[in-house]
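Notes for the one structure printed next.
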Amino acid sequence: MRRWSGQVLALCYATAQLLAQRGDSVRYTFAPVVVEDSAHVVIPAVPIAQISRPELERLPATTVADAVQGMPGVFVRNYGGLGGLKTISVRGATASQTAVVLEGIRLNAVANGLVDLGQLPTALLENITIERGSRSAVWGANAIGGTVELALRRPDEGVRTRAAIGAFGERAVALESSVSLVEHTLSVLADVQSSRGDYPFTFDEFGTRHRIQRTNGDATLGSGVVRWQWRASPAEFRFTLFGRTSERGAPGAVLQGAIENAAARLTETEFLALASAHLGERWTLRAAFRTFDQHYRDSLARFRGPNGADDRFIARDAAVVIEPPAVVLSKVSVTPKLEAYANTLRGDLYRFRVGSSATRLQLGAVIGGQYAHQVDSTVAVLLESGVRGDLYSDVPSALTGLLQVRWVKARFPLAFRMSISTGYRPPSFNELYYQNFGSLDIRPERSVSVNAGVSYQHEGVQLELDGFAMWVRDQIIAVPRSAITWSVQNAGRVFSRGVEGAFQWGNTQWRLSAAGTVQLVTYDDRASFTYGKQVLYTPAVLGMFRIERQIGNDLRVLAQANYIGKRYTQTDNAPSSALLPVGTFDLSVEWSVHIGGVWLAAAGELLNAFDAEYAIIRNFPMPGRMWRLRLQVLL
């Protein structure tokens, strides 16, 4: 029975990687309001945290999942190792309630709404931006808790290479280059990472503690980008091809009597083609096509047949976006956007309404407006609003909106902001059609979010403090039907509220960063025994502190501490289901030098330096102390 349960969990893990949905690449961009003496100060309408390209290169992080952990309001649900699933939660929202966007294209899977951030290397990125609070009126579905925006790297002229080795067989190599010729620019990025994943962990099996190594945890991940850009003033044309492939083990949960799935394997191949035309200040046209193939196999899953499991999932997505020019009416700027999307999924484990595939068609329209009132040369009040409508072919339609107010004072660079917004998430294909799990009676999730905050920026110091509340109704959850089967249902309401703070300060020698979140995310259905209980895997406290020291021109030292508070693995919050708080400490030292026309940088990293034994998700052990050596060469 336990072996069967382990196989089912591994199979659910495999399907959790299904195709990423095409994107709501439409967002409206308001004209900036310049206040005297503060052109360098940008106060966003919603709380935003960004990791720039220089920061990505300094951090001891190889994937997006590593980089964003510790940002305000952010919790990464990490299943361990390079190949383990890694999803993001913003303000206690589920992974499917947090939109992940790459170059304007949403990556959330139409199959399950998830994005595996462990599959996206930082070597390909220019920056990472996290918007906290519902952004469904901007990005459409999935943006209930927040949005993670990823921008692909724009390589400098020349060639840069990176290589790394590390504990447990870790190996990595990356390349970036860019060539410009008159009006044309061609850029190439590539990244390959691999690991044996055989890190040790302690496991209590039937009362006896064992020190064993993770097996079948190996992974090889490869990704790359080719981009062509043509500047034909005033127009600009871009074509981008992003591709990735991975081959990894799927060891699953460590269970009593069935420690790991020794033969389960997962193979993925994905391509995303993007084309855009920016016709001066008038029209912008975008088109995207995405293909995703996944193959899961486990020869030991004999309950599936004499040859075990051998399942394939194939998805195809397309999107077209039209962005007409903004219309200025008196002091109000109005920006319209139009979208059309199509998603198709084929899979062995689905029970579709008709035939062997499911299709979702969507039409979306956005109208954004901005009104700015200049009180005097140092004070401005900005009012922004947006309304979005989405028509779906297979689920109920949606109407979402937002209203944002900012008060900005320049000479004392202090800003206050308030916002209210609504959100929407349609059921995924898994929640509708997955055999012995989905239900055609599932209703979409809808939300209301409120945020109020203050921001201060002056002479290298940045302080932010925000309070938030979010109500989600008809939240979709999985409930057990038997010892080995689960099904989905709408679980009533979830209420999230909390406070987030962030601090940054820096000069030429020192940089300090700190972030903290105190939140309470509870079930809010008074008729249920779970009323007032903490939602699964939503820590009440999150914290991060980072200090960097630049010594001369050649040596840099970075230290970072992360804290994750107590979380529960059962809806009744039984004490036995609690995972204890955990703190980790990372250290990085980098030395760089110029030799002729070549720049060299060598770094040593020590991750989880105090060798903490913990799991973010129960029964999925995390690696202990790890080391990594990195070398960069810029020609």
- Note on the structure: Note: Pro60 and Leu607 closest approach over all heavy atoms is CB-CD2, 3.8 Å
- Message: Test side chain to side chain donor-acceptor pair (under 3.5 Å) on Thr202 and Arg211; report intermediate values, then the result.
- Response: CA-CA 5 Å; Thr202 301; Arg211 185 70 171 173; 3.1 Å; yes
- Message: Quick check against the 3.5 Å criterion: does Asp348 have a side-chain atom that pairs as donor or acceptor with the backbone of Arg312?
- Response: yes
- Between the CG atom in Asn142 and the CZ atom in Arg425, the distance rounded to the nearest 0.5 Å is 6.5 Å
- Task: State plainly whether the residues Glu57 and Arg162 are in salt-bridge range, i.e. N to O under 4.0 Å.
- Result: yes
- Message: Are the side chains of Glu236 and Trp230 in contact, using a 4.5 Å heavy-atom criterion?
- Response: no
- OG of Ser428 to CG of Asn112: how many Å apart, nearest 0.5 Å? 6.0 Å
- Task: State, yes or no, whether a side-chain contact exists between Arg231 and Thr185 at a heavy-atom distance under 4.5 Å.
- Result: yes
- Query: Do any N or O atoms from the side chain of Asn127 and from the backbone of Ser52 form a donor-acceptor pair under 3.5 angstrom?
  - Reply: no
- Message: Can you see whether Ser194 engages Arg171 through a side-chain donor-acceptor pair at a distance of less than 3.5 angstrom?
- Response: no
- Message: Any salt bridge linking Asp586 with Arg628? Criterion: basic side-chain nitrogen under 4.0 Å from a carboxylate oxygen.
- Response: no
- Query: Is there a donor-acceptor pair under 3.5 Å between the side chain of Thr98 and the backbone N or O of Thr94?
  - Reply: yes
- Message: With a 4.0 Å cut-off on N to O distance, would you call Asp116 and Arg248 a salt bridge?
- Response: yes
- Is a side-chain N or O of Glu268 found less than 3.5 angstrom from the main chain of Thr245, in a donor-acceptor match? no
- Item | Spacing of OG1 belonging to Thr87 relative to CZ belonging to Phe75, to within rounding of 0.5 Å | 8.5 Å
- Output yes when Glu126 and Arg154 qualify as a salt bridge under the 4.0 Å nitrogen-oxygen rule, no when they do not. no
- Query: Phe585 vs Phe610 aromatic rings, parallel, tilted or perpendicular, using cut-offs 30° and 60°?
  - Reply: parallel
- Message: Can you give me the closest heavy-atom contact between Arg316 and Thr291, atom names plus distance?
- Response: NH1-OG1, 2.7 Å
- Message: Is it the case that the side chain of Asp311 and the backbone of His295 share a donor-acceptor pair, with hydrogens and angles ignored and the cut-off at 3.5 Å?
- Response: no
- Begin from the C-alpha positions of Thr220 and Glu247 and carry the test side chain to side chain donor-acceptor pair (under 3.5 Å) through to its verdict. CA-CA 5 Å; Thr220 300; Glu247 169 67 33; over 6 Å; no
- Query: Is Thr161 reaching over with its side chain to a backbone N or O of Leu175, donor-acceptor style, under 3.5 angstrom?
  - Reply: no
- Item | SB check Arg346 Asp293 (cutoff 4.0 Å) | no
- Under 4.5 Å between any side-chain heavy atoms of Trp486 and Phe437, yes or no? yes
- Item | Full working for side chain to side chain donor-acceptor pair (under 3.5 Å) between Arg265 and Asn216 | CA-CA 8 Å; Arg265 306 293 298 179; Asn216 195 32; 2.9 Å; yes
- N-O pairing of Glu323 and Arg286 below 4.0 Å: yes
- When rounded to the nearest 0.5 angstrom, what is the spacing between CG in Leu274 and CG in Leu152? 8.0 Å
- Distance-only, no hydrogens or angles: does the Asn78 side chain make a donor-acceptor pair with backbone N or O of Gly80 under 3.5 Å? yes
- Message: Quick test of your reading of the model: are Glu613 and Arg625 salt-bridged, counting only N-O distances below 4.0 Å?
- Response: no
- Message: Side chains of Glu170 and Ser195 only: does a donor on one sit below 3.5 Å from an acceptor on the other?
- Response: no
- Message: Donor-acceptor check, side chain of Ser177 to backbone of Gly158, threshold 3.5 angstrom: yes or no?
- Response: yes
- Query: Would you say the side chain of Val557 lies within less than 4.5 Å of the side chain of Gln550, judging by non-hydrogen atoms?
  - Reply: no
- Chi angles and distances behind the side chain to side chain donor-acceptor pair (under 3.5 Å) call for Tyr296, Gln294: CA-CA 7 Å; Tyr296 175 80; Gln294 183 186 70; over 6 Å; no
- Leu117 side chain near Val115 side chain, heavy-atom distance below 4.5 Å: yes
- Message: Any carboxylate oxygen within less than 4.0 angstrom of a Lys/Arg side-chain nitrogen, looking at Glu176 and Arg153?
- Response: yes
- Note on the structure: Rounded to the nearest 0.5 Å, the CG atom of Asn261 sits from the CG atom of Leu300 at a distance of 8.0 Å
- Arg77 side chain to Tyr537 main-chain N or O, any donor-acceptor pair under 3.5 Å? yes
- Taking Lys86 for the side chain and Gln119 for the main chain, is one N or O donor matched with an acceptor at less than 3.5 Å? no
- Taking atom CD1 of Ile105 and atom OG1 of Thr240, what is their separation to the nearest 0.5 Å? 10.5 Å
- Do Tyr350 and Tyr433 have their ring centres less than 6.0 Å from each other? no
- May I ask you to decide if the ring planes of Trp228 and His184 are parallel, tilted or perpendicular, using 30° and 60° as cut-offs? parallel
